[in-house]
Amino acid sequence: MSALPARRKIVVVGGGMVAHRFVESLVTRLDDAGADAPDVHVTVLAEEPRAPYDRVQLTSYFDGRDPAALSLGDAGLWDRPDVTLRRSERVVEVDRGARTVRTATGAGRPGRTYPYDDLVLATGSSAFVPPVEGKDLPGCFVYRTLDDVAALRQYVETLHARPVRGRPARGAVIGGGLLGLEAAGALRALGVETHVVEFAPRLMPLQVDEGGGEALRRIVEGLGVTVHTSTATKRLLPARRGSRVGAVTRMDFAEDAGGLDVDVVVFAAGVRPRDELARACGLDVGARGGVVVDSSCRTADPQVWAIGEVACIQGRTLGLVAPGYAMAEVATDRILGGAGSFPGADLSTKLKLLGVDVASFGDAMGTTDGALSVVLADPVCGVYAKLVLSDDARTLLGGILVGDASAYASLRPMLGRELHGDPMSWLVPDSGAGHQAERGTVALPDDASVCSCNNVSARAVRDAVRHDRCTDLAAVKACTRAGTSCGSCLPLVKALVTTELEAAGVEVSKALCEHFDLSRAQLFDVVRVTGITSFSELVERHGRGRGCDICKPVVASVLASVHHGHVLEGERAALQDTNDHVLANIQKDGTYSVVPRIPGGEVTPDGLIAIGAVAKEFGLYTKITGGQRIDLFGARIEQLPAVWSRLVDAGFESGHAYGKSLRTVKSCVGSTWCRYGVQDAVGLAVALELRYRGLRSPHKLKLGVSGCARECAEARGKDVGIIATENGWNLYVGGNGGFTPRHARLLAEDLDTATLVRTIDRFLMYYVRTADRLQRTAPWLDDVEGGLEHVRAVVLEDSLGIAADLDAAMDAHVDGYVDEWRATLEDPEKLRRFAAFVNAPGTADPDLAYVPERGQRRPATPAEREAGPGDPVHDPHGNTAVTPVRHDGSAPQPLPGRRAHEPDDAVLIAGPRLEVVSR
Amino acid sequence: MTAAATTWTPVCRYVDLEPERGVAALVDGAQVALFRLHDGTLAAVDHRDPFSGANVLARGLVGTRGDAATVASPMYKQVFDLRTGVCLDDPSVAVRVHAVRVDDAGTVLVAVAG
């Protein structure tokens with residue numbers, strides 16, 4: 001036997017969120033231990049064919065349709081050498097004597113046996129389906145996994161494709177609790193007429209009281225969902241004829257309470273712990289199921305642990321993710337030799353169901369002896385709030401919030417503590433989350449838990465600022481993990497961080513650069529209020545020095561937004577980065593690319609021919625862009641006016657590919673040609689592109705318009721995305737591709753075209769005015785106080801009273817638009833800037849060198865320059881050209897389609913320097 | 001070195017230069033970036049950006065860092081001191097500084113550094 005300690009094998013059964021947290025917690029501790037870390041390997045056996053995902057956000061899969069958006073944490077976790085994830089591996093047997101688990105045979109693969117030193121059961125729950133007649137009919141679903149959701153979606157799509165009896169598809173959710181309302185949200189998002197059937201007398205009977213349930217019902221019914229409470233389902237009946245014979249078509253209620261014709265049924269009546277493995281291997285289970293564990297999450301077998309929904313801890317199972325995470329941390333700690341123990345279940349929860357905020361925390365039902373309740377109910381605003389207080393009305397015991405749960409972040413940490421001042425003042429709905437959170441922070445004790453998902457205390461957040469030198473919210477999130485799961489505590493964390501930074505005397509700097517202490521948004525206000533029109537005046541009065549490559553383009557953009565006019569007018573020209581200065585995009589060899597505007601991606605054959613002719617005449621490398629237009633590469637600075645002149649003559653204008661400004665409005669072909677389209681996507685895209693062309697903004701702006709829900713224009717990957725509906729347009733904002741891809745979020749639904757355009761006007765103008773330098777719309781929406789809700793209020797309800805101002809600003813932009821290329825061509829002063837050399841304006845940069853590739857030309861690499869001349873190739877456009885030398889040193893052949901060796905042509909002689917001589 | 005005669009090449013008129021912007025000039029086969037600064041003085045450095053190898057420095061943004069007059073390369077944004085040629089973001093890299101003067105007729109003359 002080897003003297004070396006063997007590698008310790010941990011096997012986790014189950015691949016859900018709690019399993020994920022267990023592995024994450026384990027490897028974090030191993031990494032922290034560095035060289036002292038024990039030699040541990042963890043294997044996760046997941047029944048689903050995918051890595052753990054965020055089941056809590058399952059409903060959002062109906063919006064995003066992208067399973068990847070539900071992924072948890074760092075995907076690199078599963079690539080670590082000390083972690084193995086086995087997908088589609090269902091464990092069928094635990095042999096505690098041999099310390100092995102055996103997996104099922106499946107998909108052409110034999111079952112496998114995995115030995116363990118420690119076994120962690122994290123099998124979670126399965127959906128509970130009540131024993132109702134007809135529960136297994138086609139059209140009946142549960143709502144638990146991504147595959148459940150995908151199957152439900154697919155079924156509903158077949159319903160839409162072949163409507164029953166000419167009415168819209170109708171669905172019923174059995175269960176009006178948390179899961180039921182989530183499922184109802186999913187059905188509604190799928191365009192199904194939705195009914196919720198709940199046995200109890202109110203919705204969410206476990207989380208809210210009668211008043212809360214009543215408020216919830218009013219709000220939910222306001223959304224078009226029909227609620228049946230105190231109703232039991234007796235049976236489900238199949239269709240006897242028609243296209244869906246055998247599938248569910250009718251539900252009968254018990255006690256002759258009538259029934260409902262339905263096309264789809266979702267069971268969401270609760271969950272049951274998946275404790276069958278534990279039962280089979282002789283471990284104790286609780287009276288209502290669940291593997292019995294002690295407060296260290298250990299079963300009676302010291303090598304077997306259970307965490308999450310499958311565990312019966314302190315006599316009960318817990319169906320929330322936060323206690324599951326807490327168990328994962330405890331089990332990790334114990335397995336690595338620690339003494340952690342489960343702190344007790346915090347059943348506080350804040351959810352957004354069907355877009356409705358619901359929070360419940362502490363002793364929500366007021367069952368404590370002598371408990372007092374303070375209730376604030378406003379049926380008009382659709383808000384219900386209740387605080388449960390101790391018998392002296394001072395200590396907070398619990399509460400319920402329906403409709404507006406913004407007070408949750410500041411109230412929950414106060415559980416069991418004395419509320420200072422009038423308790424009602426904690427509930428005033430319109431004081432805003434930030435304000436309440438700020439007030440809360442003053443009183444928040446160090447040991448109060450701020451983030452219950454990740455169990456982060458106020459002290460941890462404060463320490464991150466005090467000792468770990470975090471200076472902003474992002475750094476504190478990375479350092480403490482506060483607010484990285486559900487995010488509901490972020491306003492509170494932000495307030496804590498700000499308070500702490502201020503206390504530490506750390507200036508929360510928004511300074512643009514060394515020349516201005518102001519942020520871009522502040523500079524915008526200064527320019528707007530003072531009417532300053534030049535950089536010199538601005539830097540003299542509000543800054544220092546003579547600027548730099550950071551502040552000058554920002555000021556140029558602000559001046560362009562406020563005062564309009566040509567971006568190269570007067571002193572403003574000197575502020576522009578080279579791209580804006582020459583209205584083209586610089587490339588790696590110092591030449592430029594040129595992109596004419598092709599609104600909505602619509603181009604005539606003659607337009608295409610004209611672009612092709614220009615490319616051919618100037619020898620430009622041609623490529624289709626991602627924004628449905630054409631990029632022409634390799635134009636030298638002195639060639640740009642001639643290139644534009646040809647393009648302008650053919651009816652084109654600048655596409656602003658160089659500017660922090662509107663780039664393109666991408667569209668699908670829409671209802672004009674597409675058999676699925678419901679609106680004219682191209683027509684709208686063209687109109688929007690022409691409206692916002694030339695608009696200067698903090699960063700580039702991209703728009704997209706899709707003619708139906710199939711979303712072929714990928715509009716939700718744009719800053720502003722528009723998707724056609726039967727009734728108008730849905731408007732999404734804050735999407736982007738690039739380094740950190742983001743999906744746009746819904747701002748408004750079913751807008752008519754005029755309202756849509758006005759709403760986009762205001763959204764864009766508000767962004768232009770208030771965003772930071774180089775901040776795209778997605779991070780701006782994250783940053784702006786109040787987030788998307790605030791922006792929605794500003795643009796749709798004029799909550800700041802600035803809508804008329806924003807409208808006027810956009811109208812002025814539209815009226816003031818001129819094509820920058822044409823304006824430059826018409827102005828000899830501006831044209832002088834396009835000289836290659838001040839003393840030799842038409843001379844090409846002699847250092848440029850190209851090689852042919854796939855029928856076009858590209859810049860020579862340094863190695864190709866070094867290699868010097870191959871077989872000379874003439875370049876009719878005045879650029880020096882070389883051909884690459886082959887590896888074997890033989891003379892390369894000119895590529896087909898190149899004109900070479902024609903008499904009278906100049907040829908290349910390339911020595912240490914490349915030059916063109918006459919033949 | 002002291003004996004070497006300086007060769008001055010006329011390149012343009014002073015009034016052709018825009019404040020706080022550069023132009024490129026071909027002087028004795030060398031590519032020179034020539035700038036007119038805010039205070040009216042001139043500066044000349046290599047046009048070639050040593051980081052990208054492209055001839056583009058004359059198209060950079062002119063500004064200041066502390067008291068130093070600077071140009072930022074339009075390619076990867078490194079900032080160069082226009083009086084010393086030293087890259088302020090990476091002092092191990094520098095471009096050559098060329099002599100520049102204006103004669104009585106208002107002509108700008110450049111002498112390329114040896």
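Lettering of chains follows the sequences in order, A, B, ..., and the numbering in each one begins at 1.
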Here the gap from R21(B) atom CZ to L575(A) atom CG, rounded to the nearest 0.5 Å, amounts to 8.5 Å
What part of A72(B) gets within 4.5 angstrom of chain A, counting heavy atoms only: side chain, backbone, both, or neither? side chain
Gap between atom CG of L57(B) and atom OG1 of T578(A) - 0.5 Å precision: 11.5 Å
Quick check for you: among E514(A), K588(A), Q587(A), R832(A), which has the greatest number of heavy-atom pairs under 4.5 Å with chain B? E514(A)
Would you please test R59(B) and I637(A) for side-chain contact (heavy atoms from CB on, under 4.5 Å) and show each step? CA-CA 10 Å; R59(B) 300 180 221 152; I637(A) 189 167; 3.8 Å; yes
About how many Å separate OG1 of T64(B) and CZ of R544(A), when rounded to the nearest 0.5 Å? 10.0 Å
Could you tell me which portion of D589(A) (side chain, backbone, both or neither) has an atom closer than 4.5 angstrom to a non-hydrogen atom of chain B? backbone
Answer with side chain, backbone, both or neither: which region of V11(B) has an atom nearer than 4.5 Å to a non-hydrogen atom of chain A? both
Decide yes or no for Q31(B) and D847(A): does some side-chain heavy atom of the first lie under 4.5 Å from some side-chain heavy atom of the second? yes
L61(B) versus A574(A), closest heavy-atom pair with distance: CD2-O, 3.3 Å
Please find the pair of heavy atoms, one from A836(A) and one from A24(B), that lie closest to each other, and give the distance. O-CB, 3.5 Å
Please give me the minimum heavy-atom distance between A25(B) and N839(A), naming the atom from each residue. CA-OD1, 3.5 Å
Pair count under 4.5 Å, heavy atoms only, with chain A: among R48(B), K77(B), H47(B), highest is K77(B)
Which atom pair, heavy atoms only, marks the closest approach of E20(B) to K552(A)? OE2-NZ, 3.6 Å
What part of A835(A) is in contact with chain B, defined as an atom under 4.5 angstrom from a non-hydrogen atom: side chain, backbone, both or neither? neither
When you look at I586(A) and V56(B), which way does the side-chain contact (heavy atoms from CB on, under 4.5 Å) test go after all the steps? CA-CA 10 Å; I586(A) 197 165; V56(B) 292; 4.0 Å; yes
Checked V62(B), L17(B), V79(B), D67(B) vs chain A; the most non-hydrogen pairs under 4.5 Å come from V62(B)
Taking only residues two or more places apart in sequence or in another chain, which ones pass salt bridge (Lys or Arg N to Asp or Glu O under 4.0 Å) with R65(B)? D89(B)
